[in-house]
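The structure under discussion appears below in the form of structure tokens.
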Amino acid sequence: MSRSTRAAPDADDTDDGAERADGVSADTMRERAGESRAKLWLLLRANRLLVAGVLTVGVFVAFVAAATAFSPSLAEKVGASDPIETLFASMITAIVTGATLVVTIGQLVLTQENGPLGDQQERMDDTLAVRDSVAELTGEPAATDPAAFLDALLAAATENARALRESVRERTDEGGSDGDDSVGDGSDETGLAAEVDEFAAGVVGNADAVRGRLDGAAFGSFDVVFAALDFDYGRKLGRIERIADEHGEALTDAERDRLDALREALSLFGPAREHVKTLYFQWALIDLSRLILYAAVPALVVAGAMVTVVDAGTVSGSTLGVDHVTLVVGGAFAVTLLPFSLFVAYVLRVLTLAKRTLAIGPLVLRDSE
């Protein structure tokens, strides 16, 4: 079941959008969270370098505005005392300490990948066991690409949901049973058909939307994890349990097998998504460590230059009522805060993602999970 052979959604699968509009179900993370698109874009979707750049510019503007608005001006204070040396000497200490801390965090992340041979063998065995389960479910070898791996599980869920819906619908339309003693009375079959039809439309609609976003997504970017977050597998697992409990006697043996296969696909998607998320966390923290170390060098140069070179007589004059020394000090301060801006930008995404995926399985902590 490859990503290139994705089936086009039929008319029954479009009911999911109306269901969400009525507030009955919310599959995407934005709908479950009930938060604005702009907020989620800032916390999760936006490029982290862009967020760090915006924070840096914001610090510069706020610094210049505050230094210009209050009296006496920064230029006068620089002439009377030496706030530049005090400020940037402290920044040098902060940059060195922060960079050292980041290296320590990077070492902790890498430590998780190290271990004795037995531990590495156990990790390999566990991974291969899961891949065997996925291959048995999908009928083909499990993909090695994270996006394709998740896509195969969603394809299996879609296939089984459609097959279950068609089987139940055909029996109901025929107005009777197929002679199997496990099938219940007509009223139970009618209720089962309505619930399965609604549930299958939700599974197929949600899965197809997520698969469309996984198509072409490359790991390393946030695209794979962000797309996987929009498949609400936990609620769907809970719904399967209720269907089996309330309508188990109305299902044929073949339909029970389809329901079990759908449950297995969803139960495999959960740990698979968590594994991809964990790998992304490690990837992002390593990138963060490297970027902070890169930014720390020019930040130290700027802070050192401000301490040793800049004083009241170095930069004179003003533009539009703003002293040039204020612009220079504000720009230098923003540059020295760049490592911290990178830290804030990355940690905001990691913490937001971690909070929204705390639970695994059919356990919903709140509406935003």
Side-chain angles (χ1 to χ4, degrees), residues 28-30 32-33 35 39-52 55 98-115 119-120 122-124 126-127 130-131 134 142-151 153-154 210 213-214 217-234 268-296 339-361 363-366 368-369:
T28 67
M29 187 179 61
R30 186 173 70 86
R32 298 196 301 271
E35 296 176 342
K39 180 179 179 180
L40 287 180
W41 179 85
L42 175 65
L43 292 176
L44 293 172
R45 194 70 182 93
N47 184 285
R48 296 298 93 183
L49 296 180
L50 175 62
V51 174
L55 287 174
T100 304
L101 179 61
V102 166
V103 171
T104 302
I105 294 174
Q107 289 175 339
L108 290 176
V109 173
L110 294 176
T111 299
Q112 300 178 21
E113 301 302 314
N114 300 324
D119 291 347
Q120 300 298 335
E122 184 178 353
R123 289 179 60 192
M124 175 65 77
D126 292 343
T127 299
V130 173
R131 291 180 61 83
V134 173
T144 56
D145 176 69
F149 187 80
L150 295 174
D151 180 87
L153 292 172
L154 294 176
V210 173
R213 293 168 54 193
L214 286 173
F219 186 78
S221 68
F222 189 57
D223 294 341
V224 176
V225 180
F226 192 65
L229 289 175
D230 278 345
F231 188 72
D232 189 14
Y233 75 93
L268 285 171
F269 181 87
R273 190 186 75 174
E274 291 302 304
H275 180 60
V276 172
K277 182 192 74 174
T278 300
L279 292 177
Y280 173 77
F281 279 173
Q282 295 176 344
W283 186 290
L285 290 176
I286 291 172
D287 279 349
L288 172 62
S289 300
R290 185 175 58 197
L291 288 172
I292 288 182
L293 291 176
Y294 289 162
F340 179 73
S341 297
L342 289 167
F343 179 80
V344 170
Y346 273 82
V347 170
L348 273 178
R349 173 185 279 176
V350 169
L351 293 182
T352 301
L353 180 59
K355 183 177 181 180
R356 298 191 184 283
T357 55
L358 282 176
I360 186 170
L363 183 64
V364 180
L365 303 183
R366 65 171 193 166
S368 62
E369 301 302 331

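Not a single donor-acceptor pair under 3.5 Å links the side chain of R48 to the backbone N or O of Y346. When atom types are taken as modelled, the side chain of R349 and the backbone of L43 share no donor-acceptor pair closer than 3.5 angstrom.
Contact of the L288 side chain with the V102 side chain is not registered, since no non-hydrogen atoms from C-beta on lie closer than 4.5 Å. At least one side-chain heavy atom of L154 sits less than 4.5 Å from a side-chain heavy atom of L214. You'll find the side chain of L353 reaches within 4.5 Å of the side chain of F222, heavy atoms only. Side chains of L348 and L42 form no contact here, defined as non-hydrogen atoms less than 4.5 Å apart. Between Y233 and R273 the shortest side-chain heavy-atom distance falls below 4.5 Å.
In this structure, N47 has no side-chain hydrogen bond (donor to acceptor under 3.5 Å, both in side chains) partners at least two apart in sequence or on a different chain.
If you take CD1 on I286 and CZ on F281, they are separated by 13.5 Å, rounding to the nearest 0.5 Å. For the atom pair L49 CG and L291 CG, the distance stands at 6.0 Å (nearest 0.5 Å).
The two atoms that bring V51 and A46 nearest to each other are CG2-CB, 3.8 Å, heavy atoms only. Nearest approach of I292 to F343, heavy atoms of both residues: CD1-CB, 4.0 Å. Between V134 and A142, the closest heavy-atom pair is CG1-CB, 4.1 Å. F149 approaches A143 most closely through the heavy-atom pair CD1-O, 3.5 Å. Taking all atoms of both residues into account, the shortest heavy-atom contact from L40 to R356 is CD2-NH2, 4.1 Å. A272 approaches L150 most closely through the heavy-atom pair CB-CD2, 3.8 Å.
Residue F340 places its CZ atom among 12 or fewer non-hydrogen atoms of other residues, nucleotides or ligands, all under 6.0 Å distant.
Ionic pairing of R290 and D287 is present here: one or more N-O contacts between side-chain nitrogen and carboxylate oxygen are shorter than 4.0 angstrom.
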Full working for side chain to side chain contact (heavy atoms under 4.5 Å, CB included) between F226 and L44 | CA-CA 8 Å; F226 192 65; L44 293 172; 4.0 Å; yes
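Within the structure, salt bridge (Lys or Arg N to Asp or Glu O under 4.0 Å) pairs that include any residue of residues 218-227 comprise R45-D223 (at least two apart or interchain).
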